[in-house]
Amino acid sequence: ERTILCAGAGGYAATKIYETPGIYLPPEDQTAENVLARCQDPDEMVCAAALKAASAFQRQRGLEPLLLWHGAVRTLILCTAREDIPSALASALLSQLAASQEHLPDILAEVMLLVGEESRRNSDDSRCLEHGLLFLLKLYKGRDGVTHLVSLEDAETLVYSAKHHRAGGVRTQSFHALHHLARDPEARALCLGAQLHVVVLDLATSDPVWDVRSAANEALAALQKSDD
C-alpha cells in the first residue's frame, strides 16, 4: 500500500494506493470488462461515494447538492453500517440531513425505498436495513407532524418487515417505528389499514426474541390507547 499526503491551506487528506486481492480468470473470460468488474472493491466504492457526497456538501454549505446526487441518502446509510472512519462521517451527514425541513419528503421517500428493498431481500446481513430503520425512527421522533408524509404503502412495508424478516433486530426496529406511528391519530388509520393490530397480537407473545415481543407490545399498547 502507498499513501500520498495532500495538504493545503490547513486542510489535509490522504490518497491511498493499494493492491486488491488477486483473482483468476480462465482464458475465455479474460476481457477488459471482466477484469474491471472483478477487481473492484464494493466497500471501497461505497466509501468513495460517501466522501464525494461529503465533499459536495462541504463546498456548497447546503443540502441541495447532496440530495441531487442520486442515492446519497442510501449510500450514507450503507456507510453507517461499517466499522471505520467513513461510518462517523456518514452519521454526521445524516444528522445534517435530518435537520432539513424543506427536503424531508425526499429523504423519507428514499429511506422507505431502501427499507422496502432490503426487507424483501431478507438477507442474513441486516446491518444496512437496521441502520435505515434507526434513521427512519430518528426522522419520526425529530419532527412534529411528520406522519402526514407517511403513506399506507410505507406502513405496509414496516408491517411486512416486522412480521417476516429473519433478523430479530430488524423486527424490533420495525415495531419501534410502527409504535411511533400508532401514537399519532393521523397515522393510526394507516397502521390499522396495514393490519398492524393483527401482526402485533400474534408476535407480542409468539416471537422467539424478547426485544421483538417487547416492541410489539409497545405498538399494541399505542393502538389500544388510541381506542380509549
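The chain is numbered in sequence order, starting from 1.
Considering CG of L139 and NE2 of H180, their distance stands at 10.0 Å, rounded to 0.5 Å. Distance check: L203 CG to K163 NZ gives 7.5 Å after rounding to the nearest 0.5 Å. In this structure, the separation between CG on L220 and CZ on F175 is 9.5 Å, given to the nearest 0.5 Å. Considering CG of D154 and CG of L178, their distance stands at 10.5 Å, rounded to 0.5 Å. Taken from CZ in R183 to SG in C191, the straight-line distance is 12.0 Å, to the nearest 0.5 Å. In this structure, the separation between CG on L181 and CG on L196 is 9.0 Å, given to the nearest 0.5 Å.
Not one N or O on the side chain of N122 forms a donor-acceptor pair closer than 3.5 Å with the backbone of H165. With S214 contributing its side chain and W210 its backbone, the two residues share no donor-acceptor pair below 3.5 Å.
The cluster map of Ile, Leu, Val, Met, Phe, Trp and Tyr, joined by side-chain heavy atoms under 4.5 Å apart, puts L152 and V198 in different clusters. V209 is not connected to L134 by any chain of hydrophobic side-chain contacts under 4.5 Å among Ile, Leu, Val, Met, Phe, Trp and Tyr, and they are in different clusters. Following chains of ILVMFWY side-chain contacts shorter than 4.5 Å, one can reach L223 starting from L201, so the two form part of one hydrophobic cluster. The cluster map of Ile, Leu, Val, Met, Phe, Trp and Tyr, joined by side-chain heavy atoms under 4.5 Å apart, puts V111 and Y160 in different clusters.
When side chains are defined from C-beta on, F135 does not count as touching V115, because their heavy atoms never get closer than 4.5 Å. Side chains of L149 and L104 form a contact here, defined as non-hydrogen atoms less than 4.5 Å apart. Side-chain contact between D184 and R188 is absent, with no heavy atoms from C-beta onward closer than 4.5 Å. Residues L78 and L114 form no side-chain contact, since every pair of their non-hydrogen atoms from C-beta on lies 4.5 Å or further apart. Residues R74 and L113 have side chains in contact (heavy-atom distance under 4.5 Å, counting atoms from C-beta outward). Here the side chains of S119 and H164 are not in contact, with every heavy-atom distance at 4.5 Å or above. Side-chain contact between L158 and L133 is present, with heavy atoms from C-beta onward closer than 4.5 Å.
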Exercise. Apply salt bridge (charged side-chain N to carboxylate O under 4.0 Å, His left out) to R171 and E130, showing your working.
Key: CA-CA 9 Å; R171 300 197 301 277; E130 289 189 48; over 6 Å; no
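Taking every heavy atom of both residues into account, A219 and V200 meet most closely at CB-CG1, 4.0 Å. Of all heavy-atom pairs between T157 and G116, the closest is CG2-CA, 3.6 Å. Between V170 and S126 the shortest heavy-atom distance is CG2-CB, 3.6 Å. Closest heavy-atom contact between A177 and L137: CA-CD1, 3.9 Å. Residues A215 and H176 share a closest heavy-atom pair of CB-CE1, 3.8 Å.
Among residues two or more places apart in sequence or in another chain, the side-chain hydrogen bond (donor to acceptor under 3.5 Å, both in side chains) test is passed with T205 by none. The side-chain hydrogen bond (donor to acceptor under 3.5 Å, both in side chains) search around Q173 returns none, not counting sequence neighbours. R121 is linked by a side-chain hydrogen bond (donor to acceptor under 3.5 Å, both in side chains) to E118, counting only residues two or more places apart in sequence or in another chain. With sequence neighbours excluded, no residue forms a salt bridge (charged side-chain N to carboxylate O under 4.0 Å, His left out) with E153. Remark: E156 pairs with no residue by the side-chain hydrogen bond (donor to acceptor under 3.5 Å, both in side chains) rule, at least two apart or across chains.
Residue pairs meeting the side-chain hydrogen bond (donor to acceptor under 3.5 Å, both in side chains) criterion with at least one member in residues 189-204, sequence neighbours excluded, are D202-S206.
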